[in-house]
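Each remark here refers to the structure printed beneath this line.
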Amino acid sequence: MIAIIDYDAGNIKSVEKALQFLGQEAVITSDRETIMNADKAILPGVGAFGDAMNKIRERGLEEVIHDFVDTGKPFLGICLGLQLIFEKSEESPEATGLGLLKGTITKIPTEVNGVNQKVPQIGWNNIVVNPDSKLLAGLGDNPYVYFVHSYYLKAENSDEVAATTEYGVKIDCAVEKGNVMATQFHPEKSSEVGLKILTNFINLK
């Protein structure tokens, strides 16, 4: 069973539906015992960094997430869930994140070399995959995935970067360190490529 961690941040049902489509039992929950007993956990979400961390703490989920990660069982952050596993974001300078990995979350520039670009980035973009990634294995060359975001990750440790993309700047759009992994893009909205990523996660031991 996969626990989808519920902290009232939206976009949770689409993750559940994608997992169920793949034949995987999944439950949306904020219950500590249910999460800790799950085989894997996913932290999805859309919205603002600071508001999300407040909701996580209000529900007592910060300690639960750390305790789950400490078990060594696979843990996946999606979209805002990727940003929350880091320490800070320019979006909410006063807030502190989960601090599972090190890096900075920065606003996508609206102008690059004198050329305006739309922010948020919404739509399909290709990614360059680290061949050592377990989560992104078997996707082929430069697969396309679906993004919706205004802030992006610059990881502190390059060996933790599972994929990058270009949107005016180089974006670290997936990370992987041990049992902790995350994608800035939405696998549940990324068609066959996304289903392959979720299948990879389901099959992790």
Which atom of [X] lies closest to which atom of [Y], heavy atoms considered:
X      : Y      : result
Val119 : Pro109 : CG2-O, 3.6 Å
Asp67  : Arg32  : OD2-NH2, 2.8 Å
Leu98  : His66  : O-NE2, 2.9 Å
Lys177 : Glu160 : CD-OE2, 3.2 Å
Ile5   : Pro44  : O-CD, 3.8 Å
Asp6   : Leu61  : O-CD1, 3.6 Å

Is [Y] reachable from [X] through a run of hydrophobic residues whose side-chain heavy atoms are each under 4.5 Å from the next?
X      : Y      : result
Ile65  : Met181 : no
Trp124 : Leu136 : no
Ile122 : Ile108 : no
Tyr152 : Leu101 : no
Leu100 : Tyr7   : yes

Nearest 0.5 Å please: distance from the [atom1] atom of [X] over to the [atom2] atom of [Y].
X      : Y      : atom1 : atom2 : value
Ile56  : Asp51  : CD1   : CG    : 11.0 Å
Ile35  : Ile42  : CD1   : CD1   : 12.0 Å
Asn200 : Leu195 : CG    : CG    : 11.0 Å
Lys40  : Phe75  : NZ    : CZ    : 14.0 Å
Gln184 : Ile78  : CD    : CD1   : 11.0 Å
Leu43  : Cys79  : CG    : SG    : 11.0 Å

So [Y] and [X], do their side chains get closer than 4.5 Å, heavy atoms only?
X      : Y      : result
Arg59  : Val64  : no
Leu19  : Glu25  : no
Asn130 : Glu176 : no
Leu22  : Phe201 : no
Glu90  : Thr104 : no
His186 : Val46  : yes
Val193 : Phe185 : no
Met1   : Val27  : yes

Donor-acceptor pairs under 3.5 angstrom involving side-chain atoms of residues 139-149: please list them, not counting sequence neighbours.
| residue | atom | partner | partner atom | Å |
| --- | --- | --- | --- | --- |
| His149 | ND1 | Tyr151 | O | 2.8 |
| His149 | NE2 | Gln121 | OE1 | 2.6 |

Does any pair with a residue in residues 75-89 pass salt bridge (charged side-chain N to carboxylate O under 4.0 Å, His left out), and if so which ones, sequence neighbours excluded?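 Of all non-adjacent pairs touching residues 75-89, those that pass salt bridge (charged side-chain N to carboxylate O under 4.0 Å, His left out) are Glu87-Lys102.
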Step by step, would you call Glu58 with Lys55 a salt bridge (Lys or Arg N to Asp or Glu O under 4.0 Å)? CA-CA 5 Å; Glu58 285 168 5; Lys55 290 175 181 176; over 6 Å; no
Let me have the donor-acceptor pairs involving side chains of residues 161-175, under 3.5 Å, with sequence neighbours excluded, atom names and distances please.
| residue | atom | partner | partner atom | Å |
| --- | --- | --- | --- | --- |
| Thr165 | OG1 | Asn125 | ND2 | 3.3 |
| Thr165 | OG1 | Asn126 | O | 2.7 |
| Tyr167 | OH | Lys118 | O | 2.6 |
| Asp172 | OD2 | Ala155 | N | 2.8 |

